[in-house]
Amino acid sequence: MIYFTESEIDQLIEDDVPLGDMTTGMMNLSGKKAKITLLARNPMVACCTEEAVRLYRKVDLKVHHAVASGTELNPGDPLISAEGDAAAVHLVWRTGSALVEFASGVAGRTRQLVQNARAENAATTVAGTRKHPPYMKKVALKALMAGGGVPHRTGLSDTILIFKEHLLFTGGYDNLAETVMKMKAIQKERKIVVEGHTEAQAMAIVRSGADAVQVDKMTPEEFSACASVCRQANPGICMIAAGGINGTNAAAYAKAGADVLVSSWIYFAPPADVKAQITP
């Protein structure tokens with residue numbers, strides 16, 4: 001579960017309404033009743049409806065209906081319905097809709113990637129990178145998980161992932177075994193992942209004692225051959241495909257034997273098309 005603090009919910013409102021709503025104020029809409037319903041225009045996977053509900057309740061709207069994040073919807077299905085003061089409805093209308101649209105777009109694209117991959121290999125995991133838009137970490141991660149994916153890394157603090165750029169300062173792949181041994185002696189409970197770009201580098205990673213090989217930008221055919229060689233040396237090695245993973249090739253990488261598909265493609269989905277229907 002991704003938790004949004006009260007201050008983060010407040011900030012969403014403050015960003016859009018720092019000094020009041022000039023339009024509704026001049027039109028004297030306060031005191032009039034209004035209803036708002038968010039409806040799916042196209043098939044979609046809902047996300048961040050819980051945060052939109054919290055926005056609505058911040059301005060004293062009464063929420064009658066809300067679907068949970070991860071719910072698959074058809075055109076015309078309602079996401080949220082609420083009622084209250086007309087000025088309050090207009091205060092959070094756009095902010096709530098935009099949040100749901102962005103997050104649902106990412107959730108839907110993630111669901112697509114997961115379904116494509118698992119059609120070929122039911123055991124394949126789809127993991128989202130930390131290359132989400134700046135300042136959108138919580139929304140991006142919630143959408144990723146709503147779509148059936150998992151975080152690859154939430155940040156630099158939670159995983160050990162060695163890139164070739166790190167190895168420039170420790171003797172490269174030739175000295176990788178010593179590097180891995182030292183790290184395992186310190187962080188005994190953590191798995192160590194190392195990225196490679198060639199079959200030779202992948203084999204050096206396997207021989208180093210690392211727990212997983214992350215292979216960057218190989219074709220599915222190259223990945224299949226590399227995974228086969230690596231598993232001959234260590235049948236338990238985790239093989240991760242990264243670099244250019246998207247909806248058109250996820251199935252091919254899953255079929256090629258990837259345990260995990262790592263992608264940032266999911267974060268740059270078009271927003272879901274949501275209709276906001278406001279009535280007196």
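Positions are given from 1 along the sequence.
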Salt bridge (Lys or Arg N to Asp or Glu O under 4.0 Å) between R54 and E50: does it pass, once the steps are laid out?
CA-CA 6 Å; R54 289 173 66 187; E50 296 84 0; over 6 Å; no
Taking all atoms of both residues into account, what is the closest heavy-atom pair of T170 and N175, and its distance?
O-ND2, 2.8 Å
Of the non-hydrogen atoms in A276 and W93, which two are nearest, and what is the gap between them?
CB-NE1, 3.2 Å
Distance check, rounded to the nearest 0.5 Å: N42 atom CG versus D273 atom CG?
5.0 Å
Sorted by chain and residue number, the salt bridge (Lys or Arg N to Asp or Glu O under 4.0 Å) partners of R130 (sequence neighbours excluded) come out as none
Show the numbers, then the answer: is there a salt bridge (Lys or Arg N to Asp or Glu O under 4.0 Å) between K184 and D211?
CA-CA 10 Å; K184 284 196 168 186; D211 301 287; 3.6 Å; yes
Derivation and outcome, salt bridge (Lys or Arg N to Asp or Glu O under 4.0 Å), residues R41 and D77:
CA-CA 8 Å; R41 291 185 187 271; D77 287 347; over 6 Å; no
Stepwise salt bridge (Lys or Arg N to Asp or Glu O under 4.0 Å) check, D10 with K58
CA-CA 8 Å; D10 288 336; K58 282 281 186 181; 2.9 Å; yes
Side-chain cluster (under 4.5 Å, hydrophobic types only) that I240 belongs to, other residues:
L161, F163, V193, V260, V262
Can you hop from F102 to V45 via hydrophobic side chains spaced under 4.5 Å?
no
Going only through I, L, V, M, F, W and Y residues with side-chain contacts under 4.5 Å, is there a path from M203 to I237?
no
Can you see whether H152 engages Q214 through a side-chain donor-acceptor pair at a distance of less than 3.5 angstrom?
yes
